[in-house]
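Heads up, the thing below is written out as structure tokens.
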2 protein chains.
Amino acid sequence: MARRRSSAVTLTDVARRAGVSVATASKALNARDDVAADTRHRVQQAAEELAFQPNALARGLISGTSRTVGLLTDELAGRFAMPVLLGAENALGNGQMSVLLCDTRGDTFRRRHYIRTLLSRQVDGLLIVGDKNDMRPSLTEGIPVPVVYVYGESDDPDDLSILADDEGGARLAAEHLVALGRRRVAHITGEEGYRAARDRAAGLGAVLGEAGLPLVGGVPMYGAWSQRWGRHAASMLLSAHPDVDAILCGSDQIASGVMETLWDFGRRVPEDVAVVGYDNWEIFAAECRTPLTTVDLNLEQLGAIAAEHLIAALDGDRRTGVIRHPGRLVLRESTGPRTSA
Amino acid sequence: MARRRSSAVTLTDVARRAGVSVATASKALNARDDVAADTRHRVQQAAEELAFQPNALARGLISGTSRTVGLLTDELAGRFAMPVLLGAENALGNGQMSVLLCDTRGDTFRRRHYIRTLLSRQVDGLLIVGDKNDMRPSLTEGIPVPVVYVYGESDDPDDLSILADDEGGARLAAEHLVALGRRRVAHITGEEGYRAARDRAAGLGAVLGEAGLPLVGGVPMYGAWSQRWGRHAASMLLSAHPDVDAILCGSDQIASGVMETLWDFGRRVPEDVAVVGYDNWEIFAAECRTPLTTVDLNLEQLGAIAAEHLIAALDGDRRTGVIRHPGRLVLRESTGPRTSA
DNA sequence: CTGAAAGCGCTTACAG
DNA sequence: CTGAAAGCGCTTACAG
């Protein structure tokens, strides 16, 4: 079981080759203390010749910091965790920190197990990535290192949560539609149980209210986050309100279904009906027959911001509360003329 | 900078509380040596009361194994790395190993940097996840720990590569079409530069050959991995060969575009033309108007198998060469009657 | 400027 | 059955 590395070059080897003590070799390599220029040079050369890599375990044991953070996701498989992960990994890597990845698959037992493992590995901090942006129970209690929540909000206001600004994103989309002169705007979206759905509906409602415009149908059409629902809801909408001239969709997937139905009904997009999606999921948004104007959640930035706040907390600069990171509107043909690529 | 953990409960604390030496405490907790049942019990209780977690860094320093593997991906953002990652993480987690995640973003400099970091962190092994299944240069040289390649094949036959069996997967699909009595089969697929495209075409060709059937159009229609190409190729195909009765597509995305065009041309799926996709990308395959029969690459299994081989190699059981893991055909409506959900 | 010593938290022969 | 000692690979006061 003891699988010692074969090629383990240690600082002792370097010191021997350079003809100095390990203490001096250590100082020379770490540019601390006063070391004679000549000695430093000899040590560095020896280290290079031996391809010496300091053992991070030994360093961590001494310093008490492993330069590692644990990244705990509820559900890696969904499409939201990935970009967040990517942004975080990138930001942490730039800060010389490594990422220990754990996917709990929504399982509480697994989560506790992973937290224990991560702490025993002396992670310097924890990033908790949610699979939806609803509130979630805080896990911070009993964790002796900084914790930052991303995408899903911790229910403890003493935690720091980095969230996508769904209401603001929907406002961007709605303002765009209003600016285009659309006056009969409807909203087809996902399950009302999701905070994302409610927040987006609220953002749209606010903008329409400010513009003195009604929401077609009176209420958002809540349903499912699927193309199927998009198709179904659109055909109901067109029957009940044939005068609709814009549809804000709760997701690109829904928008994709909506556009299929509009096509079937002979409505032109965007001439007759402007359509806006949500998520900027390229595969739907950029590839469909009529490329889709949509709201990008800036998830990579979300991950990066979370990582930066974690690093700041490690340096003693700890924040609490909620940070809502704005999305951005991506203009494509479904609301207007082809934009120059 | 020295951020020592506040709540660091060490084995010394446990030993003191249990009234024994650290050596005995260690043995009691690790169930080694002979320790009096009573002593063991006292130690365990003390450990529990103090919520003791052994410091994995210290353990690793002694044992020479960190129970950690590095997972190096070329491109996490694509849709293939994720399931592989998931399967690997899961299999490794079950084996008590943690995953250090690194996304090189296809950058060679970054890759070298990450490999150095991972080795200095004393990873026990490396998993290299490709972003496509083409051959790629081996990275193994100079790496003193076992390495397993997943999804992309190493060009060094002394490495172990775990790959999806694209030719076999296409055979499954083709045999299904032939068994359904389709005789005019065409192939619309992605870029010929991709091995996946060529292997799938080869699988289809082989089955058609065995059945004495021609490939409609004589050659595979190579193009791009996009809906757009699917739409375009399908309309060319229908003009040139209106008698086509089945289309094997190189991806679900292509299939999605193909089906849009079939719809526009008034061809019914599957009655007039059977369509098979590739990838089982649920969002396209299960959600489109006519749910899609397709080939699942079993990517999670691929990741899990790679992890298991890595663990085996750690235990001295090292394999080399290529393992092709079969895909599976997922039957939906695009080739036949609705299957019972 | 350099090196011997102590120590990070743990495990493992080795005495007793 | 238990504990003192040595050691994993490194860093950091502390003498010299």
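FYI, side chains are in, hydrogens and waters are out, and symmetry mates aren't considered; it's all heavy atoms of this structure. Lettering of chains follows the sequences in order, A, B, ..., and the numbering in each one begins at 1.
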**Message:** My understanding is that only residues two or more places apart in sequence, or in another chain, count here; which of them pass salt bridge (charged side-chain N to carboxylate O under 4.0 Å, His left out) with A/R319?
**Reply:** none
**Request:** Can you figure out which of C/dG9, C/dC10, D/dA4 approaches the side chain of B/F52 most closely?
**Result:** C/dC10
**Item:** Partners meeting side-chain contact (heavy atoms from CB on, under 4.5 Å) with A/V69 (sequence neighbours left out)
**Value:** A/L92, A/M97, A/L310
**Item:** Interatomic distance, A/H41 NE2 vs C/dC1 P [rounded to whole Å]
**Value:** 17 Å
**Item:** Distance, rounded to the nearest Å, where B/L61 contributes CG and C/dC8 contributes C1'
**Value:** 9 Å
**Asked** Where the side chain of A/L11 is defined as all heavy atoms beyond and including C-beta, which of D/dG9, D/dT2, D/dC10 is the nearest nucleotide?
**Response** D/dC10
**Interatomic distance, A/K27 NZ vs C/dT2 P [rounded to whole Å]** = 9 Å
**Item:** Pairing pattern in dot-bracket form [Watson-Crick, G-U; both distances under 3.5 Å; | = partner strand] for DNA chain C
**Value:** |||.||||||||.|||
**Message:** Need one value for B/T10: base, sugar-phosphate or nothing, where a base atom within 4.0 Å counts as base even if backbone is also close, heavy atoms only.
**Reply:** sugar-phosphate
**Prompt:** Can you tell me how far P of C/dT2 sits from CG of A/N30, to the nearest Å?
**Reply:** 15 Å
**Prompt:** In chain order, what residues pass the side-chain contact (heavy atoms from CB on, under 4.5 Å) check against B/D159, with sequence neighbours excluded?
**Reply:** B/S138, B/T140, B/Y149, B/S154, B/D156
**Prompt:** Which whole-number value in Å describes the distance from B/R42 CZ to D/dC1 P?
**Reply:** 14 Å
**Item:** B/R59 vs C/dT11: side-chain N/O to OP1/OP2 distance below 4.0 Å
**Value:** yes
**Request:** Could you list the residues that satisfy ring pair (Phe, Tyr, Trp, His ring centres under 6.0 Å) with B/F52, not counting sequence neighbours?
**Result:** none
**Message:** I want to verify a distance call: between C/dT2, D/dG9, C/dC10, whose nearest atom is closest to the A/T24 side chain?
**Reply:** C/dT2
**Complete:** Side-chain atoms of B/N55 come closest, of C/dG9, D/dG3, C/dG3, to C/dG9
**Prompt:** Does the distance from a Lys or Arg side-chain N to an Asp or Glu carboxylate O, for B/E300 and A/R105, drop under 4.0 Å?
**Reply:** yes
**Request:** Report the distance from atom CG of B/L57 to atom P of D/dT11, rounded to the nearest whole Å.
**Result:** 13 Å
**Message:** Closest approach to the side chain of B/A23, judged atom by atom: which nucleotide of C/dC10, D/dA5, D/dC1 is it?
**Reply:** D/dA5
**Request:** Quickly work out the A/L29 CG to D/dT11 P distance and round it to whole Å.
**Result:** 8 Å
**Asked** Just checking, is any N or O donor in the side chain of B/T68 or B/R121 under 3.5 Å from an acceptor N or O on the other one?
**Response** no
**Prompt:** Which nucleotide, D/dC10, C/dT2, C/dT11, lies nearest any side-chain atom of B/V22?
**Reply:** C/dT11
**Message:** Can you check the distance between C/dG7 and D/dA4, where both ends of the measurement are the P atom (answer in whole Å)?
**Reply:** 16 Å
**Fill in**
Contacts of B/T39 and A/T12 projected onto DNA chain D by closest heavy atom; the upstream (5') one is B/T39
**Prompt:** Just checking A/A36: base, sugar-phosphate only, or nothing, at a heavy-atom cut-off of under 4.0 Å?
**Reply:** sugar-phosphate
**Closest-nucleotide ordering on DNA chain D, the 5'-leading residue of B/A58 and B/A37** = B/A37
**Item:** Set of residues satisfying salt bridge (charged side-chain N to carboxylate O under 4.0 Å, His left out) with respect to B/R110, sequence neighbours excluded
**Value:** none
**Item:** Which nucleotide in D/dG9, C/dC10, D/dC1 has an atom nearest any side-chain atom of B/I62
**Value:** C/dC10
**Nearest-Å distance for atom pair CG/C1', residues B/D13 and C/dG9** = 11 Å
**Item:** Charged N-O contact under 4.0 Å between A/D38 and A/R42
**Value:** yes
